[in-house]
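Single-structure report; data block below.
The figures that follow rest on heavy atoms only: side chains count, while hydrogens, waters and symmetry mates do not. In the text below, chain A, chain B and the rest are named by the order of the sequence lines, each starting its count at 1.
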Number of protein chains: 2
Amino acid sequence: MTRHAVDRSADLKARIRDAAEDQFSSRGYAATSIRDIAAAAGVDPSIVIRHFGSKEALFVDTVRLRARDAGILSGPISQVGERLVRQVLAQPDDLVRSRGAFAALLRASDSDDVQALLRQELKASIIDAVEARLPPPDAKLRAHLFCAQLIGLFTALWVIEDVELTAANRDALAVSYGALLQQALTGDIFSTSAAG
Amino acid sequence: MTRHAVDRSADLKARIRDAAEDQFSSRGYAATSIRDIAAAAGVDPSIVIRHFGSKEALFVDTVRLRARDAGILSGPISQVGERLVRQVLAQPDDLVRSRGAFAALLRASDSDDVQALLRQELKASIIDAVEARLPPPDAKLRAHLFCAQLIGLFTALWVIEDVELTAANRDALAVSYGALLQQALTGDIFSTSAAG
DNA sequence: GTCTATACCTTGATAGAC
DNA sequence: GTCTATCAAGGTATAGAC
């Protein structure tokens with residue numbers, strides 16, 4: 001393989017990858033065909049399979065939550081809940097990318113590989129970051145509870161598209177769901193009398 | 001159309017419906033083919049389309065959450081949270097059916113019709129029941145917050161299959177996530193200082 | 001050996017025969 | 001009213017071109 005061939009091949013893979021991530025994240029897995037991706041990348045459909053093996057492998061290779069770098073969990077731990085909901089509702093660019101990726105990953109999670117990828121992305125983006133900031137002995141469980149609540153918010157807003165929630169007063173939603181998230185992090189939730 | 005023809009036709013549709021609900025709920029939308037359903041119902045594939053119009057229409061016609069009748073939100077309002085999580089973790093028969101249906105609906109929700117059905121099922125099963133039991137003026141918002149949290153629990157357990165959550169101590173999970181759900185119903189979550 | 005084009009198989013959906 | 005034949009679309013493998 002010559003130097004030029006390497007460059008060309010790498011460039012080709014990059015072009016396919018970009019087209020794939022873009023289409024998978026915007027239209028979802030089922031609605032995106034190999035032929036669509038190939039056309040957007042300006043190559044023959046068989047090239048895509050040749051380089052990535054299968055549609056599913058290409059999906060797993062390209063789609064990511066991308067929330068890791070967003071510093072979405074930064075700031076004082078006691079205010080993470082509300083701040084996070086505000087960030088989600090404000091829809092900055094990086095989160096908009098994550099939005100499509102999350103919906104695509106969740107809807108394609110009947111594949112074991114996609115399901116594993118989604119778990120891994122949530123762990124790397126959310127769970128590990130939260131766990132690292134909480135004291136023992138409940139750090140891990142709290143991180144998973146927090147993540148489950150966040151999955152609920154993302155799924156309600158981005159996958160099921162609950163209009164009542166989208167249309168709700170932004171401040172009220174940020175304050176209330178933020179308080180619920182905050183409870184998972186630092187609230188008194190392990191004594192049976194704490195609820196209510 | 002004779003009397004017998006009506007019975008036969010109705011019986012046929014019922015057989016197809018049963019087979020469809022069973023396969024869609026257990027294997028999901030994508031992995032279930034019209035030919036599979038037809039074979040299970042003992043009819044020709046074209047009959048299925050003839051009677052229901054399309055695979056998607058058949059899906060929307062058959063798959064339901066079925067949690068409505070479960071009385072899942074019964075009992076004292078102050079203890080609904082923990083009791084509900086315990087019921088979910090205990091996996092009674094009716095909830096096991098709902099589990100597959102929830103995953104199938106969520107994963108097929110890139111279709112507008114399926115998405116609308118899922119919204120409607122959540123409203124009928126959860127949101128309306130919760131809203132009816134809470135006092136104004138926050139009943140509606142609280143119901144939607146509660147539902148979002150519940151979606152998070154279902155999705156984490158049944159769709160993403162978070163093993164850490166599944167393997168967690170059942171009592172600890174019921175108490176803690178129950179407390180979080182309870183906060184959405186009856187907690188002080190609308191003042192900015194309530195969190196933490 | 002590496003890339004490309006053609007062909008194949010599954011599956012959803014339709015039209016016409018009986 | 002039910003079945004057979006067929007089409008169209010899409011994922012994938014294979015054989016041929018350089």
Next on the checklist: If we check salt bridge (Lys or Arg N to Asp or Glu O under 4.0 Å) with A:Glu21, which of these qualifies: A:Arg27, A:Arg15, A:Arg97?
Outcome noted: A:Arg97
Next on the checklist: How would you summarise protein contacts on nucleotides 12-18 of chain C per nucleotide, using B for base, S for sugar-phosphate only and - for none, with heavy-atom distances below 4.0 Å?
Outcome noted: BBB----
Checklist entry - Starting at CD1 of A:Ile37 and ending at P of D:dA9, how long is that distance when rounded to a whole Å? => result 18 Å
Item to check | Under 3.5 Å donor-acceptor, A:Glu56 side chain and A:Ser111 backbone | outcome: no
Item to check | Below 4.0 Å: OP1/OP2 of D:dG1 and any side-chain N or O of B:His51 | outcome: no
Checklist entry - Which whole-number value in Å describes the distance from A:Phe52 CZ to D:dA13 P? => result 16 Å
Checklist entry - Whole Å only: how far is the CD1 atom of B:Ile47 from the P atom of D:dG1? => result 11 Å
Item to check | Distance, rounded to the nearest Å, where A:Asp44 contributes CG and C:dA5 contributes C1' | outcome: 6 Å
Item to check | Passing option when A:Ile127 is tested against A:Arg119, A:Arg142, A:His144, A:Lys140 for side chain to side chain contact (heavy atoms under 4.5 Å, CB included) | outcome: A:His144
Checklist entry - Parallel, tilted or perpendicular: which describes the rings of B:Phe59 and B:Phe24, with under 30° parallel and over 60° perpendicular? => result perpendicular
Next on the checklist: Can you measure A:Lys13 atom NZ to C:dC3 atom C1' for me and round it to whole angstrom units?
Outcome noted: 14 Å
Checklist entry - Hey, quick one: are B:Phe190 and A:Leu153 part of the same hydrophobic cluster, counting side-chain heavy atoms closer than 4.5 Å, chains of contacts allowed? => result yes
Next on the checklist: If I take atom CD1 in residue A:Ile16 and atom C1' in nucleotide D:dG11, what distance separates them, rounded to the nearest angstrom?
Outcome noted: 15 Å
Next on the checklist: Would B:Glu82 and B:Leu181 count as a side chain to side chain contact (heavy atoms under 4.5 Å, CB included) here? Give the steps.
Outcome noted: CA-CA 8 Å; B:Glu82 184 174 332; B:Leu181 286 166; over 6 Å; no
